Structures are given as C-alpha cells and as structure tokens.
Amino acid sequence: MQEGVRDFLFQIWADVLAMTAVKHGPQGEQTKAMKRAAADLIWSASAKVSREERAEVIRRLPPLLKTLRDGMASAGVSPDKQDEHIQTLNNSLAF
C-alpha cells in the first residue's frame with residue numbers, strides 16, 4: 001500500500017473512526033459508512049492490472065473522496081487540512 005494512503009489511514013482516519021463511533025455508536029450507520037470508506041480506500045490503493053479495474057477506481061473515487069471529506073469535517077479537521085490530505089491521497093492513488 002502506498003505510504004500516503006497508509007499514513008492517512010493511521011494518522012487521520014483512525015481518529016475519524018474513533019470520533020464517529022463515540023458520536024454514533026460502534027454499530028451506528030455513520031460508523032459503518034466510515035469503515036466502508038476505509039475499506040474502499042484500501043481497495044482503490046491496491047494494484048489494478050486490468051483496464052476495467054482502473055475504470056472502476058476512477059468511477060468510485062469522487063463519492064469516496066466526498067465521504068472522506070465528510071468524515072474529516074465531522075471530526076473537526078479544518079478545510080485547509082482536508083484539502084491537504086485529499087491532495088496527498090490523490091497523488092498516492094494516481095496510476
């Protein structure tokens with residue numbers, strides 16, 4: 001997994017998941033959505049060999065990035081920092 005994605009998951013998204021679980025409960029829909037976003041990000045960052053897989057990543061990326069932004073916003077991450085993290089992820093996911 002790319003370093004930028006790994007760093008984001010461990011440094012930022014872990015906090016988002018923890019705060020979401022506190023606000024909405026560990027089995028709350030919001031918490032489940034944030035866990036799915038993490039899984040989707042990991043899937044997106046894994047190697048894609050076929051054109052179809054790469055097209056699927058491109059198709060799924062905008063809603064994923066919106067979910068990541070929403071999660072960061074709910075955890076109190078400033079818009080400037082959100083932009084910084086999203087740019088790092090975009091650079092990591094470029095293929």
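None of these values were measured; they are calculated from a predicted model.
Within the 4.5 Å cutoff, the side chain of Thr88 has no heavy atoms near those of the Val5 side chain. His24 has its side chain out of reach of Glu29: every pair of non-hydrogen atoms, C-beta onward, lies at least 4.5 Å apart. Contact check for Met72 versus Ile86: side-chain heavy atoms found under the 4.5 Å cut-off.
Across all their heavy atoms, Ser92 and Gly4 have their closest contact at OG-CA, 3.4 Å. Heavy atoms only, all atoms of each residue included: Leu93 and Ala45 are closest at CD2-CA, 3.6 Å. Thr67 and Ala37 make their closest contact through CG2-CB, 3.7 Å (heavy atoms, listed as atom of the first residue, atom of the second, distance).
Between the CG atom of Asp40 and the CG atom of Leu64 there is a distance of 5.5 Å, given to the nearest 0.5 Å. Rounded to the nearest 0.5 angstrom, Gln30 CD and Lys23 NZ are separated by 9.5 Å.
For Glu56, the side-chain contact (heavy atoms from CB on, under 4.5 Å) partners at least two apart in sequence or on another chain are Trp43, Arg59, Arg60. By the side chain to side chain donor-acceptor pair (under 3.5 Å) test, Asp70 pairs with Lys66, sequence neighbours left out. Considering only residues two or more places apart in sequence or on other chains, Lys48 meets the side chain to side chain donor-acceptor pair (under 3.5 Å) condition with Ser46. With sequence neighbours excluded, the residues satisfying side chain to side chain donor-acceptor pair (under 3.5 Å) with Lys81 are Glu84. Asp83 meets the side-chain contact (heavy atoms from CB on, under 4.5 Å) test with Arg69; sequence neighbours excluded.
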Under 3.5 Å donor-acceptor pairs involving side-chain atoms of residues 6-21, not counting sequence neighbours:
unit_1: Trp13; atom_1: NE1; unit_2: Met34; atom_2: O; d: 3.0
unit_1: Thr20; atom_1: OG1; unit_2: Val16; atom_2: O; d: 2.7

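Judged by distance alone, with hydrogens and angles left aside, the side-chain atoms of Ser44 form no donor-acceptor pair with the main-chain N or O of Val57 at under 3.5 Å.
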